[in-house]
Trainee: 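Here you go, one structure.
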Amino acid sequence: MTATEHRLDVDRLLVFFGDHGRDLPWRRPEAGPWGVMVSEFMLQQTPVVRVLPVFEAWMRRWPRPADLAADSSGDAVRAWGRLGYPRRALRLHAAATAITNDHDGAVPSDIPELLSLPGVGEYTARAIAAFAFGARTPVVDTNVRRVLSRVVRGVDSVREPATPADRRELESLLPTESVRAARFSAAVMELGALICSAGDPDCDRCPLSGRCAWRAAGYPPTPARRAVQAFAGTDRQVRGKIMALLRAAHGPVAGSVIDTAWPDPIQRDRCVASLITDGLAVTDRDGGLSLPG
DNA sequence: GACCCGTGGAG
DNA sequence: TCTCCAAGGGT
């Protein structure tokens with residue numbers, strides 16, 4: 001089967017991407033590898049619309065990895081704002097530091113080297129290699145995974161991390177030429193984000209509807225997914241409230257103020273301790289809590 | 001492999 | 001109000 005014959009029709013997808021792909025700042029040439037990398041960190045589990053303003057401000061302030069590395073991890077966490085999962089900001093700062101120290105300040109293009117950076121896993125490494133450097137490598141996120149499952153295999157997927165099997169499957173469908181392959185991955189991802197969404201796929205606008213195995217099979221039901229993690233009352237919520245206090249302040253926050261974040265002192269103290277362990281907060285000699293300096 | 005880690009908009 | 005979720009990674 002050639003690249004233009006399989007269900008993920010390359011030409012149709014590239015036309016779709018050209019016509020309907022979003023003009024996102026990290027897709028512009030001026031974003032460069034660093035811009036791609038920053039965007040991939042921010043987009044982990046976070047919607048595009050919320051990333052956009054933070055990304056723009058971030059790139060203005062820290063246009064190169066060395067610029068970020070020169071400032072404190074606390075500055076990165078504060079600039080991260082309310083994107084969520086602030087450990088990503090910590091890891092991005094650590095990755096920028098590693099790039100500055102070990103890679104002459106340039107984002108590496110080699111996948112094993114990318115994987116060695118903090119916060120860069122199987123998805124992010126390949127996304128950077130493909131989108132920033134035009135590498136021919138399978139980029140499989142939850143969107144691509146869903147499209148692969150539906151269009152090619154005819155069954156819906158549960159929302160779980162991509163597997164090596166997913167990557168092998170997409171790789172077998174990649175166009176031969178590397179830049180075209182990278183654009184193909186971006187197009188499949190965009191299709192999953194805009195058309196073949198998890199909730200209500202818009203098959204009427206889908207360029208692949210004529211050859212979609214899932215549609216042809218009459219949309220067999222989505223398998224039950226594992227229960228989503230609860231949030232209300234968990235440490236994640238409490239940590240978030242404490243971090244919001246630290247971001248709002250520009251100096252140490254007194255314990256009496258931290259106490260207002262959550263009523264249960266046991267859980268509150270546990271969360272403060274875990275934030276310190278994670279490197280998201282530090283205590284000063286007076287017992288105040290602040291972002292790392 | 002199971003579990004942990006934030007956030008705010010949509011239905 | 002409440003559930004579900006949105007370009008994962010680390011342990």
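What you see is a predicted model, and the numbers here were worked out from it, not measured in a lab. Quick note on labels: first sequence line is chain A, next is B, and so on, each numbered from 1.
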Trainee: For DNA chain B, which residues in residues 109-145 of chain A have a heavy atom at a distance below 4.0 Å?
Mentor: none

Trainee: What pairs meet the ring pair (Phe, Tyr, Trp, His ring centres under 6.0 Å) rule with one or both residues in residues 35-80 of chain A, with sequence neighbours excluded?
Mentor: A:Trp26-A:Phe55, A:Trp58-A:Trp62, A:Trp58-A:Trp80

Trainee: Could you tell me whether the side chain of A:Arg183 and the main chain of A:Phe17 form a donor-acceptor pair under 3.5 Å?
Mentor: no

Trainee: Going by number, which of residues 34-47 of chain A have a non-hydrogen atom under 4.0 Å from DNA chain C?
Mentor: A:Glu40, A:Leu43, A:Gln44, A:Gln45, A:Pro47

Trainee: Let me know which of A:Gln45, A:Gln44, A:Arg236 forms a side chain to side chain donor-acceptor pair (under 3.5 Å) with A:Tyr85.
Mentor: A:Arg236

Trainee: Would you measure the distance from the P atom in C:dA7 across to the matching atom in B:dC3 and give it in whole Å?
Mentor: 23 Å

Trainee: Going by number, which of residues 256-273 of chain A have a non-hydrogen atom under 4.0 Å from DNA chain C?
Mentor: none

Trainee: Could you tell me which residues satisfy salt bridge (charged side-chain N to carboxylate O under 4.0 Å, His left out) with A:Asp67, sequence neighbours excluded, listed by chain and number?
Mentor: A:Arg64

Trainee: Between atom CZ in A:Phe55 and atom P in C:dA6, what is the gap in whole Å?
Mentor: 22 Å

Trainee: Would you classify A:Asp278 as touching base, sugar-phosphate or nothing, given that sugar-phosphate means primed atoms plus P, OP1 and OP2, and contacts are heavy atoms under 4.0 Å?
Mentor: nothing

Trainee: Under a 3.5 Å distance rule, please check whether A:Arg7 uses its side chain to pair with a backbone N or O of A:Arg211 as donor and acceptor.
Mentor: yes

Trainee: Drop me the distance from A:Ser109's OG to A:Leu114's CG, to the nearest 0.5 angstrom.
Mentor: 7.0 Å

Trainee: Show every salt bridge (Lys or Arg N to Asp or Glu O under 4.0 Å) that has at least one partner inside residues 116-135 of chain A, sequence neighbours left out.
Mentor: A:Glu122-A:Arg126

Trainee: Whole angstrom is fine here: how far is it from CG in A:Asp166 over to P in C:dG8?
Mentor: 13 Å

Trainee: Using a 4.0 Å heavy-atom cut-off, does A:Leu24 contact any base of the nucleic acid, only the sugar-phosphate backbone, or nothing at all?
Mentor: base

Trainee: Under 4.0 Å, counting only non-hydrogen atoms across every strand here, what does A:Trp26 touch: a base, just sugar-phosphate, or nothing?
Mentor: base

Trainee: If you measure only the distance, is there a donor-acceptor pair under 3.5 Å linking the side chains of A:Glu40 and A:Tyr123?
Mentor: yes

Trainee: Would you say A:Arg61's side chain and A:Leu68's backbone share a donor-acceptor pair under 3.5 angstrom?
Mentor: no

Trainee: Measure the distance from CZ on A:Arg87 to C1' on B:dC4 and round it to the nearest whole Å.
Mentor: 7 Å

Trainee: Rounded to whole Å, how long is the line connecting atom CG of A:Leu83 with atom C1' of C:dA6?
Mentor: 12 Å

Trainee: At under 4.0 Å between heavy atoms, what does A:Arg50 touch on the DNA or RNA strands: base, sugar-phosphate, or nothing?
Mentor: base

Trainee: Distance between the C1' atoms of C:dT1 and B:dG8, in whole angstroms?
Mentor: 15 Å

Trainee: Would you kindly give the CE-to-C1' distance between A:Met189 and C:dG8, to the nearest whole Å?
Mentor: 12 Å

Trainee: For a 4.5 angstrom cut-off between non-hydrogen side-chain atoms, does A:Met243 reach A:Leu275?
Mentor: yes

Trainee: Is the phosphate of B:dG6, meaning OP1 or OP2, less than 4.0 Å from a side-chain N or O of A:Arg239?
Mentor: yes

Trainee: Could you check how far CZ of A:Arg146 sits from C1' of C:dC5, rounded to whole Å?
Mentor: 11 Å

Trainee: Would you mind classifying the nucleic acid contact of A:Arg236 as base, sugar-phosphate or nothing, using non-hydrogen atoms under 4.0 angstrom?
Mentor: base

Trainee: Cut-off 3.5 Å, side chains only: do A:Ser256 and A:Asp259 have a donor facing an acceptor?
Mentor: no

Trainee: May I have the distance from A:Leu191 (atom CG) to C:dA7 (atom C1'), rounded to whole angstrom?
Mentor: 14 Å

Trainee: Examine distances only and state if a side-chain atom of A:Arg145 and a backbone atom of A:Ala162 form a donor-acceptor pair shorter than 3.5 Å.
Mentor: no

